[in-house]
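Notes to accompany the following structure.
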Amino acid sequence: GFKSRLGRLVMDWRPVLGVMSGNHSHVVVMQAEGARSIPLSGHVGFDSMPDQLVNKSVSHGFCFNILCVGETGVGKSTLMDTLFNTKFEGEPTQHNQPGVQLRSRSYELQESNVRLKLTVVDTVGFGDQINKEDSYKPIVEFIDAQFEAYLQEELKIKRTLHSYHDTRIHACLYFISPTGHSLKSLDLVTMKKLDSKVNIIPIVAKSDAISKSELAKFKIKITSELVSNGVQIYQFPTDDETVAEINSTMNGHLPFAVVGSTEEVKIGNKMAKARQYPWGTVQVENENHCDFVKLREMLIRVNMEDLREQTHTRHYELYRRCKLEEMGFKDTDPDSKPFSLQETYEAKRNEFLGELQRKEEEMRQMFVLRVKEKESELKEAEKELHEKFDRLKKLHQDEKKKLEDKKKVLDDDVNAFKQRKTATELLQSQGQQAGGITTLKRDKDRKK
Ligand code: GTP
Ligand code: MG
């Protein structure tokens, strides 16, 4: 692993350092763009840069995170144990899970002087539900959550990325059941959902269950189905000349057909990991029996660093870009001129302040409007009251006038009556007097 990494490092540095011949006294310096090339007249020592980098990396340690996606009992735990030649804890899952979950376990491993922090994430209950429509969701969410955690760390004011435990998934081993038919729709849907988020390495699990000729056909069938469904699986890189040949050969062997076992069986005079059957023995590390060694070589010895790099530069970059764009950040303004984060921030701030002001103004106007409305409502009510009062007043006056008129009529009547009464009384009294006179006259007449 390190040698190839070193090779790549040297290649990366070439434009800057120039290509140096092994002989220090005679240094050929390549012209870097925009820089003047100066021949060195003696050994300076910056040719140790790659060694410095390696030393630093080794002392810091490495981390690698594997996600195993596959149905319950397909052989995930066994393969991990076989790959890392150890026994990770882990008990079999029941088939009655209500949904898919992910289980993550981290381990500190050491090989010679290199420390590796390995995280193995397992799906729990994958493929066990009757309705498998949402089975991919928890997996996608898990991967995104790891990206999000890293992004949040990156966006912090006080970042501690050098000591940050990176949990982003570097490789996803997708376990395909050894049916010999074709991919299940669950497999296709899940891989399609994952392919832009993680490096998918499909493997045919328990490949000792398929005959050799069937396996060849099965592999072709799987590959063609992946292609026709547009599923992007991880391709071993062929741009680094030190590993180009082996990687391009191995790309042709995908998906790897693997067998897992931690059982040691005596083969010849050596012990080897194998599965024993009544009719014979399947040796895990025998390339004629399965592709286990190919997988281990490709995943761990040759391309571990590329998997880490791809995770950071492709998948995480995509997540980060989408997330920042979602938040409204852009690299260019509408006229496609460069637009810095600072400017975006200020533009956003101004936009926000403007919006706030607009809202405030809106509220104020609404308030004024409401006050006006209430005012006119009150005025209307007042007017109505006044009108009612006036009406009542008029009614009252009319009534009063009517009563007064009546009173007057009555008064007149009373007066007229009184007058008549007095007149009558007068007449009556006059009548009596006249009667008296008549009597007197009659008396006088009688005396005569
Ligand atoms: P869960 O964690 O419960 O989902 O299962 P798993 O995917 O981790 O499967 P596990 O490794 O526990 O293996 C389940 C059974 O399959 C065990 O009995 C293993 O011995 C057996 N097994 C594992 N790998 C292989 C293999 O390559 N070939 C065959 N034939 N059997 C295997
Ligand atoms: Mg397991």
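Of the residues listed (K193, K197, K323), the one engaging D144 in a salt bridge (Lys or Arg N to Asp or Glu O under 4.0 Å) is K197, and it is the only one.
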Given H315 and N199, is the side-chain contact (heavy atoms from CB on, under 4.5 Å) satisfied, shown in steps? CA-CA 8 Å; H315 303 302; N199 300 312; 2.9 Å; yes
Given L109 and R115, is the side-chain contact (heavy atoms from CB on, under 4.5 Å) satisfied, shown in steps? CA-CA 6 Å; L109 307 180; R115 285 179 299 113; over 6 Å; no
Please assess L299 against M304 for the test side-chain contact (heavy atoms from CB on, under 4.5 Å), listing each intermediate value before the final yes or no. CA-CA 6 Å; L299 178 72; M304 206 175 215; over 6 Å; no
Going through the distances and angles, do L79 and V258 end up as a side-chain contact (heavy atoms from CB on, under 4.5 Å)? CA-CA 8 Å; L79 190 77; V258 296; 3.8 Å; yes
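With contacts defined as side-chain heavy-atom distances shorter than 4.5 Å, the pair L188/L226 qualifies. Using a 4.5 Å cut-off on side-chain heavy atoms (C-beta onward), L161 and Y150 make contact. Taking 4.5 Å as the limit, some side-chain heavy atom of T93 sits within range of a side-chain heavy atom of R103. The closest side-chain heavy-atom distance from I66 to M80 is below 4.5 Å. The shortest distance between side-chain heavy atoms of T82 and K273 falls below 4.5 Å. The side-chain heavy atoms of P237 and N303, taken from C-beta on, include a pair separated by under 4.5 Å. Taking 4.5 Å as the limit, every side-chain heavy atom of Q232 sits out of range of all side-chain heavy atoms of M191. You'll find the side chain of N113 reaches within 4.5 Å of the side chain of V58, heavy atoms only.
Under the rule for a side chain to side chain contact (heavy atoms under 4.5 Å, CB included), the partners of Q52 that lie at least two apart in sequence or sit in another chain are S48, M49. Residues passing the side chain to side chain contact (heavy atoms under 4.5 Å, CB included) test with E287, sequence neighbours excluded: V293, K294. With sequence neighbours left out, S224 forms a side chain to side chain contact (heavy atoms under 4.5 Å, CB included) with no residue at all. Under the side chain to side chain contact (heavy atoms under 4.5 Å, CB included) criterion, S106 pairs with T119, H165, not counting sequence neighbours. Residues satisfying the side chain to side chain donor-acceptor pair (under 3.5 Å) criterion with E154, sequence neighbours excluded, are Y316, R320. Residues meeting the side chain to side chain donor-acceptor pair (under 3.5 Å) test with S185, sequence neighbours left out: none.
Residue pairs that meet the side-chain hydrogen bond (donor to acceptor under 3.5 Å, both in side chains) test with at least one member in residues 356-384, sequence neighbours left out, are E355-R358, R358-E362, E361-R364, E361-Q365. Counting only residues at least two apart or in different chains, salt bridge (Lys or Arg N to Asp or Glu O under 4.0 Å) contacts with residues 209-233 comprise K219-D291. Sorted by first and then second residue, the salt bridge (Lys or Arg N to Asp or Glu O under 4.0 Å) pairs involving residues 61-76 (not counting sequence neighbours) are E71-K184. Residue pairs meeting the side-chain hydrogen bond (donor to acceptor under 3.5 Å, both in side chains) criterion with at least one member in residues 252-270: none, sequence neighbours excluded.
Atom OH of Y277 is surrounded by more than 12 heavy atoms from other residues, nucleotides or ligands within 6.0 Å. Counting non-hydrogen atoms of other residues, nucleotides and ligands closer than 6.0 Å to CD of E387 gives a total above 12. Around atom CE of M271, more than 12 heavy atoms belonging to other residues, nucleotides or ligands sit under 6.0 Å away. E245 CD: 12 or fewer foreign heavy atoms inside a 6.0 Å radius. Within 6.0 Å of the OH atom in Y164, the count of heavy atoms belonging to other residues, nucleotides or ligands exceeds 12. Around atom NZ of K394, no more than 12 heavy atoms belonging to other residues, nucleotides or ligands sit under 6.0 Å away. With a 6.0 Å radius and a threshold of 12 heavy atoms from other residues, nucleotides or ligands, E297 has its CD atom above the threshold.
For the residue pair D128 / T72, a side-chain donor-acceptor distance below 3.5 Å is found, with atom types taken as modelled. Side chains of R321 and Y319: a donor-acceptor N/O pair is absent below 3.5 angstrom, by distance only.
Of all non-hydrogen atoms in G127 and L186, the two that sit nearest each other are CA-CD2, 3.9 Å. Considering all non-hydrogen atoms of both residues, V243 and I246 come closest at O-CG2, 3.3 Å. Nearest heavy-atom pair across T223 and P255 is OG1-CD, 3.8 Å. When all heavy atoms of L215 and I210 are compared, the closest pair comes out as N-CG2, 3.6 Å.
Comment: R159 does not engage E153 in a salt bridge, judged by the lack of any side-chain N to carboxylate O separation of less than 4.0 angstrom.
A ring-centre distance under 6.0 Å is not found for F64 and F62.
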Throw together a table of side-chain donor-acceptor distances under 3.5 angstrom for residues 132-142, partners on residues two or more places apart or in other chains.
from : atom 1 : to   : atom 2 : distance (Å)
K132 : NZ     : Q129 : O      : 3.1
S135 : OG     : K132 : O      : 3.1

In residues 166-180, what donor-acceptor pairs under 3.5 Å come from side-chain atoms, sequence neighbours left out?
from : atom 1 : to   : atom 2 : distance (Å)
D166 : OD1    : R168 : N      : 3.1
D166 : OD1    : R168 : NE     : 2.8
D166 : OD2    : R168 : NE     : 3.1
D166 : OD2    : R168 : NH2    : 2.7
T167 : OG1    : Q146 : OE1    : 2.6
R168 : NH1    : H312 : ND1    : 2.9
R168 : NH2    : H312 : ND1    : 3.3
H170 : ND1    : N65  : N      : 3.0
Y174 : OH     : D187 : OD1    : 2.6
T179 : OG1    : H181 : N      : 3.2

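Relative ring orientation between F236 and Y234 is described as perpendicular, the plane-to-plane angle rising above 60° on a 0-90° scale split at 30° and 60°.
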